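As the structure is a computational prediction, the values presented were derived from the model and not from experiment.
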Amino acid sequence: MIRTDSASKLKTIQIQASATRRPTLPALYIIALTITCFWFTSNFATADEGMWLFNSPPKQQLKERYNYELTDDFLDLLQKSSVRFSNGGSGSFVSPQGLVMTNHHVALSLVEKLSTTERDLVKSGYYAARQEEELKCRDIELVMLDHIVNVTSQVNAAVTSEMTFEQAQNARRSVMSRLEKEAADASGLKCEVVTLFQGGQYHLYCYKAFKDVRLVFAPEVAVGFFGGDPDNFEYPRYNLDVSFFRVYENGEPYHPDRYLKWSERGAADGELVFVSGHPGRTNRFDTPEHLLFQRDVYYPYYMNKLRRNEILLADYSETGSEFARAVSSELFRLRNSRKNRTGILAGLQSPAVFEKISSDWQQFTSTAVEKKLLDADAEGPETTIYNALVRWNEIFLIHELFENQAAFDSRLFKIARGIVRCVTESGKPNESRLREYRETELASTKEKILSPAVIDKRLELLRLTDSLNLYLELTQGAEYDDDESGEEGYGVLGGFSPGERAAQLLAGTQLDKLDVRTRHLNMSLEELEESDDLMIQFALGVDPVARDVRALYETEVAEPMRQAYAELAKTRMRLDPRRTYPDATFTLRLSYGKVAGYTSASGESIPAWTTISGAYQHARDHRLEPPYDLPERWFDNEEQVNGEVPLNLVTTNDIIGGNSGSPLVNGKGEIVGLIFDGNLESLSGNFVYTEQRARAVSVHSSGIIEIINRIYDARRVVEEIDQARN
């Protein structure tokens with residue numbers, strides 16, 4: 001069993017590039033694990049399971065289960081109508097004038113940046129009654145998937161069996177960067193090679209990118225996140241979690257080739273519905289050992305980090321209304337992540353979930369052995385993965401603290417490191433650069449560094465102090481030197497307390513000024529090394545350790561796992577290629593399901609719909625106290641609203657984080673809802689799909705129109721949707 005004893009080994013942080021001896025896992029132990037309560041997800045999509053690739057859709061499953069003919073035109077409609085937000089959500093075009101619908105919680109950080117002390121749009125909401133009132137958003141990019149090319153053969157051809165893991169990783173990185181640049185140069189699109197089936201396939205995704213995005217409508221946060229944290233991931237729900245944006249191109253509204261029309265009535269109980277969106281990440285095909293690592297190492301560490309960040313921001317928000325407004329979207333994200341991860345971890349700890357997965361794993365292994373696709377007696381891909389996890393456990397904390405910047409939770413530090421790496425990587429051939437600094441990503445990376453968003457140094461001090469405290473706690477006071485001799489080394493704390501060190505670094509930097517950032521970004525590496533900016537010097541000092549541990553992770557953890565999982569993926573596909581889908585990768589996927597209520601664990605019958613009148617009652621049941629305080633305009637217009645109109649609904653669609661903002665459509669491709677959440681029972685979907693109680697939660701299409709028309713008088717949006725429908 002992999003144990004969390006990494007911290008005790010970090011008396012001194014010495015990154016050694018030399019290989020360490022990896023223990024082998026006896027085949028007998030692997031087999032023992034496979035027949036215990038630990039698990040591996042099903043190799044066959046059952047029920048309404050699946051986050052399907054658009055270039056490998058579930059046509060047979062839909063025909064068998066729903067007698068539905070999935071056409072290429074239907075797929076093209078959904079693909080060309082769907083968009084991905086760079087801040088982590090999904091959306092869709094809903095008019096020929098570039099109107100985009102997504103969730104309020106996806107829009108929240110953008111609305112926050114548009115707010116001022118005098119005009120808090122998070123609290124009051126916003127509606128642009130005229131086109132010229134639409135507000136241009138900062139720091140956002142929307143992409144629409146144009147086409148996909150399977151480049152598996154080209155990527156695999158670059159790697160030979162004689163290569164070491166390091167050579168294989170470098171060769172694969174090189175060919176992926178080359179393919180992306182060639183495709184981008186030829187098409188003018190944003191291109192990315194995506195790893196699927198954990199290395200079993202590689203697909204080139206080519207996107208049309210939009211950077212001019214403007215806010216059209218967003219409700220108050222009180223109704224966008226009605227019920228707050230207590231109701232989050234619960235059902236019944238009563239949320240108007242919707243916002244509208246417009247995409248512009250060359251200063252004019254963009255006219256998409258395809259867009260989604262609104263359904264006249266919504267979907268009926270039991271009706272087939274589809275979700276087209278960008279699920280973030282699942283781990284349904286991880287080995288038992290890998291899931292043990294996540295249960296016992298990764299998630300406990302991550303939960304601790306979330307909790308301390310949430311406490312820090314909650315305390316900060318209580319110091320004044322302006323401070324609360326400034327961190328509202330991030331505090332929402334942290335609370336949402338904390339509750340989400342709590343549910344995910346509970347799934348890993350659940351005997352019932354383990355029993356389901358154990359059964360699926362045994363079915364997979366026994367079938368594969370029977371068909372001679374796996375050898376139960378030989379050391380195979382599972383052993384490789386286990387050995388990689390042993391190494392991962394040894395470097396996990398150092399990787400988190402340095403490469404993932406957990407020790408330096410400061411926007412100014414991240415800007416400094418971004419500058420250091422931009423300057424360093426730009427001097428290398430494209431194929432040799434770190435992936436996020438390749439030619440196809442460099443412009444977007446620089447735009448993030450040069451974002452004009454205001455930086456609050458008071459908050460920076462709190463965050464950097466806390467993260468340096470985290471560093472001190474996890475390393476038990478260890479320091480490191482970037483010079484092997486120990487002379488003139490550059491320690492993380494430099495002999496100061498975390499608070500003193502944070503104050504020193506922030507006092508010695510001017511990277512909060514846009515012109516200073518721009519000047520440093522245009523320097524050569526030699527000029528950068530002579531900079532008198534203390535945060536730049538600090539980033540230069542800690543970057544060698546971060547790069548070393550990243551290299552170790554990529555060559556001794558990620559690459560062996562990639563090769564091993566590729567073998568397991570091939571086994572699954574050989575068993576039944578029609579019924580396999582890859583883990584989520586924040587790329588466009590299709591899921592299908594039906595409108596369906598469920599019976600709770602306590603035996604309560606949960607209907608598929610809630611209604612607008614239910615929202616009023618839910619608020620009154622809680623005495624209109626936060627977070628159940630509906631905005632005043634709701635009560636001012638209560639007489640005008642049809643309370644029987646559905647507000648939220650649940651379906652059996654297979655979704656995960658990242659699907660927020662995805663359109664829910666019927667078999668004609670008409671909008672019947674807007675995905676915004678899952679219930680608690682769905683959170684184990686990171687590892688296994690179950691149809692019994694897990695549900696995707698949406699805002700009902702009829703409820704959206706009724707409310708924005710009757711309560712918000714957003715006639716321009718309603719008329720645009722009606723015209724698009726006709």
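Taking the side chain as every heavy atom from C-beta outward, Leu110 and Asn87 approach each other to under 4.5 Å. A heavy-atom distance below 4.5 Å is not found between the side chains of Lys190 and Thr440. The shortest distance between side-chain heavy atoms of Ser660 and Ser90 does not fall below 4.5 Å. Between Asn232 and Phe225 the shortest side-chain heavy-atom distance falls below 4.5 Å. Taking the side chain as every heavy atom from C-beta outward, Glu529 and Ile536 never approach each other to under 4.5 Å. In this structure, the side chains of Leu121 and Arg119 come closer than 4.5 Å at one or more pairs of heavy atoms.
For Lys123, the NZ atom counts as loosely surrounded, since its 6.0 Å shell holds 12 or fewer non-hydrogen atoms of other residues, nucleotides or ligands. Residue-environment remark: NZ (Lys428) exceeds the threshold of 12 foreign heavy atoms within 6.0 Å. The environment of NZ in Lys181 is sparse: at most 12 heavy-atom neighbours from other residues, nucleotides or ligands sit within 6.0 Å.
A salt bridge links Glu447 with Lys211: the closest approach of a Lys/Arg side-chain nitrogen to an acidic carboxylate oxygen falls below 4.0 angstrom. A salt bridge is defined here as a Lys NZ or Arg NE, NH1 or NH2 lying under 4.0 Å from an Asp or Glu carboxylate O, and Arg438 with Glu425 fails to meet this definition. Under the 4.0 Å criterion applied to side-chain N and carboxylate O atoms, Glu403 and Arg547 are not assigned as salt-bridge partners. Salt bridge status for Arg463 with Glu460: absent, with no side-chain N to carboxylate O gap under 4.0 Å. Using a cut-off of 4.0 Å between Lys/Arg side-chain N and Asp/Glu carboxylate O, Glu441 and Arg433 are scored as not salt-bridged. Taking the charged nitrogens against the carboxylate oxygens, Glu310 and Arg307 have no contact shorter than 4.0 Å, which rules out a salt bridge. Salt bridge present: Glu436 and Arg550 bring a charged side-chain N and a carboxylate O closer than 4.0 Å. Ion pairing between Lys208 and Glu249 holds under the 4.0 Å rule for side-chain N and carboxylate O. With salt bridges taken as basic N to acidic carboxylate O contacts below 4.0 Å, one links Glu473 and Arg308. Residues Asp409 and Lys305 are not paired through a salt bridge, judged by the lack of any N-O separation under 4.0 Å between the basic side chain and the carboxylate. Checked for salt-bridge contact, Arg237 and Asp677 meet the test: a charged N lies under 4.0 Å from a carboxylate O.
Cation-pi geometry between Arg214 and Tyr248 is met: under 6.0 angstrom from the ring centre, within 45 degrees of the axis. A cation-pi arrangement, defined by a distance under 6.0 Å to the six-membered ring centre and an angle within 45 degrees of its axis, is present between Arg84 and Tyr207. Geometrically, Arg421 does not engage Tyr437 in a cation-pi contact defined by less than 6.0 Å to the ring centre and at most 45° from the axis. Cation-pi geometry between Arg501 and Tyr471 is not met at under 6.0 angstrom from the ring centre and within 45 degrees of the axis.
Aromatic ring pairs are classed by plane angle as parallel below 30°, tilted from 30° to 60° and perpendicular above 60°; the pair Phe396 and Tyr301 is perpendicular. Between Phe408 and Phe402, the ring-plane angle classifies as perpendicular under the 30° and 60° cut-offs. Ring geometry, Tyr553 versus His399: the interplanar angle falls from 30° to 60°, so the pair is classed tilted.
Judged as a side-chain contact (heavy atoms from CB on, under 4.5 Å), and not counting sequence neighbours, the contacts of Ser451 are Asp139, Arg411, Ala453.
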Test log, rule ring pair (Phe, Tyr, Trp, His ring centres under 6.0 Å), inputs Phe217 and Phe245:
CA-CA 7 Å; Phe217 171 82; Phe245 294 86; over 10 Å; no

